[in-house]
Amino acid sequence: MKKYVWTARDSVEGFFEKLGTKAYEARPFCHIEHWGEFCFFVKRSRNNRFRIEYQQGIVSNSFKWLFYGKAEETADGLRVSGHFLVHPFTLAFFTLWFGALIFILFSALLAGKWVAALPCLAMAGIGTGAFWLFRGNPKKIVALLEETCATPLSE
């Protein structure tokens, strides 16, 4: 898992203020920004931790990457760090999905029923293809964070 780190000459509150000014308030502690054909959702939680996700159009995507980050004050200003993960429920679903397919596949192969193994292989291919096809592009979230950390608070 790749970890991303940015530094800025800001306070933690200044960072979240800039992130908020790039967005309009959608619901308490959440903001949305239209940037092209998709929108960003920024959710701030305790201890200066936050999550950023984006949505294309009006359809939600459970396979998208989410950025989980933390803003920390340092002697020079601010350090923003984080990483990308899929939603925990999506990860749990795929664990069960592939675990069940592997169990059925090996059960069929050990029983000598090769024909029963073919649907399992097809379902594994469909699941893998859906995950990689609909996972989204985290580069847009990285660009938003780079822009936020580089922009002075006065802008």
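These numbers come from the heavy atoms of this one structure, side chains and all, not from hydrogens, waters or symmetry mates.
- Applying the side chain to side chain contact (heavy atoms under 4.5 Å, CB included) criterion to L85, with sequence neighbours excluded, gives M1, Y68, H83.
- Residues passing the ring pair (Phe, Tyr, Trp, His ring centres under 6.0 Å) test with F98 are F94, sequence neighbours excluded.
- Under the salt bridge (charged side-chain N to carboxylate O under 4.0 Å, His left out) criterion, E73 pairs with no residue, sequence neighbours left out.
- Considering all non-hydrogen atoms of both residues, F67 and L145 come closest at CE2-CD1, 3.5 Å.
- For residues 116-130, the set of pairs meeting the salt bridge (Lys or Arg N to Asp or Glu O under 4.0 Å) definition, not counting sequence neighbours, is empty.
- Cluster membership check: L91 shares its hydrophobic cluster with W65, using side-chain heavy-atom separations under 4.5 Å among Ile, Leu, Val, Met, Phe, Trp and Tyr.
- For F93, the side chain to side chain contact (heavy atoms under 4.5 Å, CB included) partners are W97, not counting sequence neighbours.
- Residues V142 and W6 meet the side-chain proximity criterion, which asks for heavy atoms closer than 4.5 Å.
- Partners of T74 under the side chain to side chain contact (heavy atoms under 4.5 Å, CB included) rule, at least two apart in sequence or in another chain, are D76, R79.
- Between S81 and K3 there is a side-chain heavy-atom pair separated by less than 4.5 Å.
- Side-chain atoms of K18 come within 3.5 Å of backbone N or O of T148 as a donor-acceptor pair.
- The ring pair (Phe, Tyr, Trp, His ring centres under 6.0 Å) search around H87 returns F89, not counting sequence neighbours.
- Here the CD1-CD distance, from I141 to E146, works out to 12.5 Å after rounding to the nearest 0.5 Å.
- The salt bridge (Lys or Arg N to Asp or Glu O under 4.0 Å) pairs that include a residue from residues 118-129 number zero, where partners must be two or more places apart or lie in different chains.
- Considering only heavy atoms from C-beta on, T7 stays 4.5 Å or farther from L78 through its side chain.
- Here the side chains of L66 and F84 are not in contact, with every heavy-atom distance at 4.5 Å or above.
- Aromatic ring pairs are classed by plane angle as parallel below 30°, tilted from 30° to 60° and perpendicular above 60°; the pair F50 and F15 is tilted.
- Counting heavy atoms from C-beta on, the side chains of V80 and C149 come closer than 4.5 Å.
- With sequence neighbours left out, F103 forms a ring pair (Phe, Tyr, Trp, His ring centres under 6.0 Å) with no residue at all.
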